[in-house]
Amino acid sequence: MTTYDLIIKNGKIVTAESVIQGDIAVKDGKIQEVGQALQGTADRVIDAEGKHVLPGLIDTHVHFNEPGRTEWEGIATGSRSLAAGGATSFFDMPLNSTPPTINKENLDLKKACADEKSIVNPYFWGGLVPENIADLKDLHDNGVIGFKAFMSPSGIADFNHVDDVTIFKGMKEIASLGSLLAVHAESTVICDQLAEEKQKQGKTTARDFVESRPIISEIEAVRRIISYAEATGCKLHVVHASSRKVVEVIQEAKDRGVDITVETCPHYLALNVQDFEAKGGLAKCCPPLRDQDEVEDLWAAVANGEINVIASDHSPAPASMKTITDNYFEGWGGISGAQSTLNIMLTEGYFKRNLPLEKIVELTATNPAKLFGLTNKGVLEPGYDADIAIVDLNESFELKNEDLFYRHQHSPYVGFEFKGKVKTTIVNGEVVFENDKIVSEKTTVIQ
């Protein structure tokens, strides 16, 4: 009789294609067998009767800020929050860490931090900034998942946004490497001019801030970067699209053969401008939240297969930086949300809008693995890494500040009533989160 390290029995196994009742056997960090009534013994057996077993989420967009800004968030706290939300891998953005990940030396610093502190699988984006085109090959050769550029100011002094000449040259180099470019696409001209006009007129409400960064700003930048992609042959990934109107421009490019994909984020699917007005700085982000009709249109795009990836864009900051009194142009623009991605997709998608579980798995695990070349992840099949989330869809809970594993226990989702709770998270065959507690053997002190 075969001996395994772990057997998950009697669960409803969710893939991008189906939901089946069965067992999963794990040994040496890999899935060995998937089937019904598997025979064998194991060091541990988890009975998942009545629960759903999903591939662990792959969060392709987080800012863990380490090294350099661990007072905002760090890899230890960030990775624990992901595990608590059923995520088993993350892609850390090249900012807001200091130094930013714009050369091999800085990448090595980030890798060392992650090796020491992360309880889930770490991957890293490299940056594209005006001063580092000569460093892109080194970053690629040392394993970055792709490159990230800002078409408008990033808000971080040591990570400059790219002018048109830089981004074109960078895209040619990235294309030659066979890599891809992810872009924050907003028009500097449109946003800066509108923001200046608003503030000169003393218009500084939440609505004024949103109107200073309109959807057309995203559309203009996306159209421009698509033209550069067509000219250079560079594979393109547009992050945090806030509106289906943006997605439609990308879909048109896909239809004519441009190699382009698009991400949206849970906050654009769960929050609107009224939430921004009510919650203040906790709900400030760039691009900003939109009105509820845009939220519903974006859900329609998700259901219709127009969105490739759902990622959190977790961009935390201390409470002092998120406090807004009467000027919404002040305060850090970033959502703390990495722990709640699956909760939102289940509550707002599966339960409220009948989005199939298979589609949720596709958007949060299978597609990210395929798009970014993680050939051993995102699927619950023999030979794949045993990265697994076990979820009880019958359990509801209200998110409270003390439930959060972030360095700073705040989020615009606090107070939400979620349906569907992560019970167990398994990374490379090892249980790291179970019954509301981190159980990883990594005991690094969180500083």
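Fair warning: this is a prediction, and the values are worked out from it, not measured in the lab.
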Atom [atom1] of [X]: over 12 foreign heavy atoms under 6.0 Å:
X: Lys423; atom1: NZ; result: yes
X: Lys421; atom1: NZ; result: yes
X: Lys12; atom1: NZ; result: no

Can Lys27 be said to sit on top of Tyr4's aromatic six-ring, NZ or CZ under 6.0 Å from centre and within 45° of the ring axis? no
Indicate yes or no for a side-chain donor-acceptor contact from [X] to the backbone of [Y] under 3.5 Å, with no hydrogens or angles considered.
X: Asp385; Y: Asp387; value: no
X: Asp108; Y: Glu105; value: no
X: Asn132; Y: Leu128; value: no
X: Glu66; Y: Ile75; value: yes
X: Asp291; Y: Glu294; value: no
X: Gln339; Y: Phe405; value: yes
X: Asn106; Y: Pro100; value: yes

Have [X] and [Y] got a donor and an acceptor in their side chains that come within less than 3.5 Å?
X: Asn121; Y: Ser89; answer: yes
X: Thr98; Y: Asp158; answer: yes
X: Glu430; Y: Asn428; answer: no
X: Ser97; Y: Asn65; answer: no

Tell me, which pairs form a salt bridge (Lys or Arg N to Asp or Glu O under 4.0 Å) where one or both residues lie in residues 246-271, sequence neighbours left out? Glu230-Arg256
Please report the C-alpha distance between Phe90 and His61 in whole Å, then the side-chain angles of each, then the deciding distance to 0.1 Å, and finally whether the ring pair (Phe, Tyr, Trp, His ring centres under 6.0 Å) criterion is met. CA-CA 7 Å; Phe90 66 85; His61 191 161; over 10 Å; no
Output field: ring centroids Phe91/Phe124 closer than 6.0 Å: no
Among His240, His161, His184, ring-ring contact (aromatic ring centres under 6.0 Å, His included) partner for Phe150: His184
Would Lys110 and Asp92 satisfy salt bridge (Lys or Arg N to Asp or Glu O under 4.0 Å), going step by step from the backbone distance to the final call? CA-CA 9 Å; Lys110 184 158 281 195; Asp92 196 25; 3.0 Å; yes
To the nearest 0.5 angstrom, please state how far the CD1 atom of Ile390 sits from the CD1 atom of Ile426. 4.5 Å
Roughly how far, to the nearest 0.5 Å, is CG of Leu399 from OH of Tyr413? 10.5 Å
Scan Arg290, Arg244, Arg224, Arg223 and name whichever one has a salt bridge (charged side-chain N to carboxylate O under 4.0 Å, His left out) with Glu218. Arg290
Between [X] and [Y], which heavy-atom pair has the shortest distance, and what is it?
X: Ile13; Y: Ile24; answer: CD1-CG1, 3.7 Å
X: Ala283; Y: Leu289; answer: O-CD1, 3.5 Å
X: Val120; Y: Ala87; answer: CG1-O, 3.5 Å

Could you walk me through whether Phe372 and Tyr123 pass the ring pair (Phe, Tyr, Trp, His ring centres under 6.0 Å) test, one step at a time? CA-CA 10 Å; Phe372 297 100; Tyr123 299 88; 9.8 Å; no
How are the rings of His410 and His408 set relative to one another: parallel (under 30°), tilted (30 to 60°) or perpendicular (over 60°)? parallel
Can you tell me how the ring of His237 sits relative to the ring of Trp125, calling it parallel under 30°, perpendicular over 60° and tilted otherwise? parallel
For Val144, what residues pass the side-chain contact (heavy atoms from CB on, under 4.5 Å) criterion, not counting sequence neighbours? Leu107, Leu139, Phe147
Taking the side chain as every heavy atom from C-beta outward, state whether Arg80 and Lys117 have any atom pair closer than 4.5 Å. no
